[in-house]
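What follows is a short report on a single structure.
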Amino acid sequence: MLRKLLASGIAAKVVQEASKPHNQAKIKAFIAKMADQNKKPGGGRGYGSGPSR
């Protein structure tokens, strides 16, 4: 019960902080950075993707 109460308190705090404009800008920048890092040349896995051999 204490664990659930603590988790809900943390979630409420995260939602409050995420609604602030300066934190929204930080979140957008972080998401853009992660998206750039996850881009792989060749389109990822599967048939027909990647450099030809």
Side-chain angles (χ1 to χ4, degrees):
M1 184 175 155
L2 183 61
R3 178 182 261 175
K4 288 183 182 181
L5 183 62
L6 183 62
S8 65
I10 291 172
K13 182 67 175 173
V14 167
V15 169
Q16 285 177 350
E17 290 298 316
S19 66
K20 295 180 181 177
H22 62 277
N23 288 337
Q24 287 178 356
K26 289 179 185 178
I27 291 169
K28 287 180 183 180
F30 176 76
I31 291 172
K33 180 181 174 185
M34 289 295 116
D36 286 341
Q37 286 181 353
N38 289 335
K39 289 182 182 176
K40 295 180 181 177
R45 297 181 179 164
Y47 294 108
S49 62
S52 59
R53 296 182 184 183

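The structure presented is a predicted model; accordingly, all values stated were derived computationally and were not measured.
Looking at N23, its side chain never comes within 3.5 Å of a backbone N or O of A18 through a donor-acceptor pair.
In this structure, CG in D36 is found 12.0 Å from CD1 in I31, a value given to the nearest 0.5 Å. Distance check, rounded to the nearest 0.5 Å: NE2 of H22 to NZ of K26 gives 5.5 Å.
In the hydrophobic clustering of ILVMFWY residues, with side-chain heavy atoms under 4.5 Å counting as a link, F30 and V14 come out apart.
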